Every structure is written in structure tokens, then in C-alpha cells.
Amino acid sequence: MNVLLLGSGGREHALAWKLAQSRGLDTLYAAPGNPGIAAHATIVALDATDHDAVTAFAQGHAIGLVVIGPEAPLVDGLADSLHAADVAVFGPGKAAARLEGSKGFTKDLCARAGIPTAGYVRVTTLQEARAALDRFGAPVVVKADGLAAGKGVTVATTRAAAEAAVADLFAAPDAEAVIEEYMEGEEVSLFVLTDGRTLLPFGTAQDHKRVGEGDTGPNTGGMGAYSPAAVLTPELEVQAIREIVAPTVTALAAAGTPFSGVLFAGLMLTATGPKLIEYNARFGDPECQVLMARFEGDLLATMLCVADGRLSEAPAVRFSDDAALTVVLAARGYPGTPVAGGAIGGIAAAEAMGVRVFQAGTRMADDGLVAAGGRILAVTATGADVAAAQAAAYRGVDAIDFPDGFHRRDIGWRAVARDICRTRRGART
Ligand code: AMP
Ligand code: GLY
């Protein structure tokens, strides 16, 4: 079968790498792709916002499955356009993708279905926003509605910071926002495949959203991640699926807009149990890199079962018992304006050490690979536990030569600290 993969990040490089190992794959096409993806796929020039062009390409190249990596084409309804032409798609249609595209939509769905999440008010004016701030006090969370690439959320610790955030938001015309109660706890990501009926848990991860070590500084798309996230115990995972994911899938199906694809639930593990922070309608980046490093099944066969509504027939999902950890190398300046064009070397040397280097914002220039974006590489390793995967990943990072880049040295610190505590406790008892 021929497959078309849309996207150009580290997430899509990881998907391409795994799809290329699928027995049923004939030709993998990727658009727009990147030089890393090009090792596994034929790169084609296709604009995902041009639904007619994507559909015509799929029909003209006997594409049996289109895999949509990023959120924008999902929220834009590309899956619906492809379905209308009888092309199978991994990823939800526009109506179900509102789970990611509109925070207000998701909060209303949670309220109707009794799904545990932070208390909230949807507001459309500065006056309403101020009234909501009166109600919640500080700390409080202010979120712009709509896709914001991780930048539309302010966790305000003081009333003044919250006032500034709403003033900023409502300076724009037609703004909509959600004001939320602040939830205390540790964050974890849960991935679940669904065809709208059947649920198939697809791994856990924890990412590092802040740019600086110790989880400080501005938010980014993610500076690193590891899997599994043991803080989500099997019992908590079952609880989160029963109380959060399953009722969401049921509510969307009942509304006539079933969700098909991967549901990425951002959870807060609070003192009173897991609560939903947000949904994404696609794999996380860089969470996908660590999931793919551990996934031992046939990705194409699994994705086809999702796309065809046959998930109940899918082979059991197998993940390695090993942990995986990925470190993002970003271009200096990210998440602000990144330095473009920095030379990148040492990928082969790093891979010779057993790590896998997924490419994100890269471009092939006349004299070699250069940076072309914010997040550039995701250096990914596995190991018997998170500490071992972390040590292996940083050995790989140290083999990379990217003078215009930077990375965090502490990816996975929570899990590593927890493992050390457990070992110490074990030694005492
Ligand atoms: P979101 O884009 O909704 O995932 O929010 C971005 C980040 O803001 C999350 O990863 C959390 O760290 C934080 N956050 C969002 N909502 C809340 C909340 N209600 N309580 C505490 N932190 C939150
Ligand atoms: N790493 C977070 C995301 O993909 O949304």
C-alpha cells in the first residue's frame, strides 16, 4: 500500500521511520517532509491547505492511507475532504478536531459529560473576564480560544499578572478566552487510539514544555520527553480512561462526530485524581519520538485499523519494556526568533552510538545540513530505565556538532529523581 504522510517535524520523522518498517508499505510519500524524512519517503511538494491538491495526489498515486501529523490540517477539515473522495485517513475530521481547536468546546463537552477538569468560565469581553478573575482569585489560568502553538496560555500567580493577560487578549478584536481554576499536580500525557468506538491505550509520556532547565522560562513546543511516564500508574491510567477519555469518545460519537485517530490527553494528577488539562487531536512532538522508539507493532496495520473503523480487530499493541528519552536541540533564540542556517554535523557519529536522531527544522544546503526552524533535532535513545535512556541520549547529543543550537541537560529529571528515591528506599528496607 502507498501512504502519504503530511508534516515536517520530528514527530513526522519518527512516524516515517516506523511506517517504513511496516510490512504492508509499498511507497511512502511525504509532504512537505524534511531531509530526515527523505531517508524513508519520497518527498512531494504538496500544500496541506490545498485540499483539492492533496485529494488529487492521493487519487493519482493510489494512496491507501493519508497520515496527518500536525493539528492545523485536522482543524482545517482536511480529513473530511479526503473522506469525501473515499481516501482513508489517520486523523479526525474538523468537528472532532475541535477538541484541540477550541478550548471552549472541550470545556463545555467536559461539563456536559461530567469529565474531571478545572472549573472554568468562557468569556468574550474584558468585563466578563474580570468578573471571572474575581470568582477564581489567584493563581488562575487564562487561555485564548483556538490554536496557539502552546503560546496562548498564561498561568498567572497574581491578580496583576492575570489582569495583564486578559488585557492583552482582549486588545484584539473578537477575542474569546477561557478563564480556569488553577490545578496543582504533576502533568502527564496519555495517548489513546480510537476509531470512535473502540479505545486502544497507546502509551504514556512526560514532556518538558519550558525552554530552561528546571522547567523555567517561556513555554515551547517541547524541549524533550520520555516514555513511559511511571507517575501515571496502571491504576491511574485505567481511571483516566474510564473517567476522561471514554466519556469524551462516547460524547463525540453520540453527537454524530466520532473521533478517529489518536487522542492525546494532557492530564494533571491532582490530589483528587487525574483531571484533563487539554486534548490534542494528534501525536505530541516530541512525545511521538519516544512512543515510536518503544512501539514494537506494525504502525501502518494499526493506523489502518483506526482509519477503517476496525480497531476492535487490531493486533495487541506491544511496547518495549525499555524506557525511551528524547532531547530536543533547538536553534539559539527559540522560542523567540531562532537563528537560521546554523551548520549541523555529527548525526552519523551519534547514530553510530546507538541513538536515533530525528530531524525537525532542517534543510539540505549546498554544503550540508543546516537549521531551518526552532526545534531542529530530537536525539532519542532507549535504556533499561529512564536514567539509562537519559545517559544514552546525552552521549548522542554530545556527538552532535551544532554550534548555533542549545538544549536542556535535565530532560527526564522527575523520573530519574523518582527512580533514585525508589532505589534508596529499597536499599533501606
Ligand atoms: P494547555 O495549552 O491547555 O496545555 O496549557 C499549557 C500549559 O499550561 C499546561 O501544560 C499546564 O502546564 C498549564 N496549565 C493549563 N491549564 C492549567 C490549569 N488549569 N491549572 C494549572 N496549570 C495549567
Ligand atoms: N509536546 C506537546 C505537543 O505536542 O503539543
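Because the structure is a prediction, the values reported are computed rather than measured. Note that ligands are numbered from 1 as they come in the structure, with each ligand's atoms numbered from 1 the same way. Each residue takes its place number in the sequence, starting with 1. All values below were derived from every heavy atom in this structure, side-chain atoms included, with hydrogens, water molecules and symmetry-related copies excluded.
The ligand atoms of ligand 1 that sit less than 4.0 angstrom from a heavy atom of Met268 are 21 (C), 22 (N). Close approach of ligand 1 to Val155 is summarised as follows: ligand atoms under 4.0 Å from at least one heavy atom of the residue are 8 (O), 13 (C). Within ligand 2, the atoms closer than 4.0 Å to a non-hydrogen atom of Gly284 are 4 (O), numbered from 1 in the order shown. Near Tyr182, the atoms of ligand 1 lying under 4.0 angstrom from a non-hydrogen atom of the residue are 20 (N), 21 (C). Ligand 1 places these atoms under 4.0 Å from at least one heavy atom of Ala118: 19 (N).
Look at Glu180 and Lys103 and you find no salt bridge, because none of the NZ, NE, NH1 or NH2 atoms lies under 4.0 Å from a carboxylate O.
Nearest to atom 3 (C) of ligand 2 by heavy atom, out of Lys209, Arg282, Met223, is Arg282. Between Lys143, Lys103, Arg210, it is Lys103 that holds the heavy atom closest to atom 2 (O) of ligand 1.
In terms of heavy-atom proximity, Ala118 sits nearest to Lys107 at O-NZ, 2.8 Å. Of all the heavy atoms in Ala162 and Val140, the pair that sits closest is CB-CG1, 3.6 Å. Counting all heavy atoms, side chain and backbone alike, Gln289 lies closest to Ala378 at NE2-CB, 3.9 Å. When all heavy atoms are compared, the tightest approach of Leu99 to Thr248 is CD1-CG2, 3.8 Å. Ala350 and Gly396 make their closest contact through CB-O, 3.5 Å (heavy atoms, listed as atom of the first residue, atom of the second, distance). Closest heavy-atom contact between His13 and Phe358: ND1-CA, 3.3 Å.
Contacts between Arg375 and ligand 2 below 4.0 angstrom, taking non-hydrogen atoms only, are absent altogether. The residue Arg11 has no part lying near ligand 2, judged by heavy-atom distances below 4.0 Å.
Side-chain contact between Tyr120 and Val141 is absent, with no heavy atoms from C-beta onward closer than 4.5 Å. Counting heavy atoms from C-beta outward, Leu263 and Val245 have side chains that approach closer than 4.5 Å.
Ligand 1 has a nitrogen or oxygen under 3.5 angstrom from a nitrogen or oxygen of Glu187. Taking distance alone, with nitrogen or oxygen atoms compared against 3.5 Å, Met183 approaches ligand 1 more closely than that limit. Where the criterion is an N or O separation shorter than 3.5 Å, residue side chain and backbone included, Gly221 meets it with respect to ligand 2. Ligand 1 has a nitrogen or oxygen under 3.5 angstrom from a nitrogen or oxygen of Lys209. Geometrically, ligand 2 and Asp207 share a nitrogen or oxygen pair separated by less than 3.5 Å.
In this structure, Glu184 falls outside the shell of residues with a heavy atom less than 4.0 angstrom from ligand 1.
The only member of Val67, Val3, Leu304, Val66 that meets side-chain contact (heavy atoms from CB on, under 4.5 Å) when paired with Phe90 is Val67.
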